[in-house]
Amino acid sequence: AGQAPERALPGESNTELYGVWSTPTHWLKDFGIGVGLYFTTLKLMAVIFFLAGCISIPNIMFYASDEYSGPGGQDSVLQSPVM
């Protein structure tokens with residue numbers, strides 16, 4: 001990949017920001033191990049939640065269908081007498 005940009009000195013005004021999507025996490029080691037671990041964990045959790053959401057799509061579709069709640073949907077279930 002490329003070379004990590006140099007950190008600006010305090011008071012320096014002609015600087016560039018790190019790219020949000022293009023910055024590799026190993027460039028963040030200059031800011032300490034906690035910053036690198038935070039962003040690595042954030043990326044990992046985003047992937048895990050995306051996969052979990054994809055796995056849940058069939059269940060969401062089933063529970064939203066008439067096959068689960070019958071004709072009339074949830075309204076017919078809520079309006080039926082309890083006893």
Asker: Tell me, yes or no, whether the heavy-atom count around E12 atom CD, taken from other residues, nucleotides or ligands under 6.0 Å, exceeds 12.
Answerer: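 Counting neighbours around CD of E12, more than 12 heavy atoms of other residues, nucleotides or ligands fall under 6.0 Å, so yes.
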Asker: Please report the interatomic distance OG(S65) to CD1(I60), rounded to the nearest 0.5 Å.
Answerer: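 S65 atom OG to I60 atom CD1 measures 12.5 Å (nearest 0.5 Å).
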Asker: Around atom CD1 of I48, are there more than 12 heavy atoms from other residues, nucleotides or ligands closer than 6.0 Å?
Answerer: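 Above 12, so yes.
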Asker: Of all the heavy-atom pairs spanning C54 and P58, show the shortest one and how long it is.
Answerer: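 Minimum heavy-atom separation between C54 and P58: O-CD, 3.8 Å.
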Asker: Kindly state each residue pair satisfying ring-ring contact (aromatic ring centres under 6.0 Å, His included) with at least one member in residues 46-65, sequence neighbours excluded.
Answerer: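 Every ring-ring contact (aromatic ring centres under 6.0 Å, His included) pair that includes a residue of residues 46-65, provided the two are not neighbours, is F62-Y68, Y63-Y68.
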Asker: If two hydrophobic side chains count as joined below 4.5 Å and joins carry through other members, does M61 share a cluster with I55?
Answerer: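 No, because M61 and I55 fall into different hydrophobic clusters, even though each may have its own neighbours under 4.5 Å.
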Asker: If you round to the nearest 0.5 Å, how far is CG of N59 from CD1 of I57?
Answerer: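 If we round to the nearest 0.5 Å, I57:CD1 and N59:CG are 10.5 Å apart.
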Asker: Please tabulate, one pair per line, all N/O donor-acceptor pairs under 3.5 Å involving side-chain atoms of residues 28-39, not counting sequence neighbours.
Answerer:
none

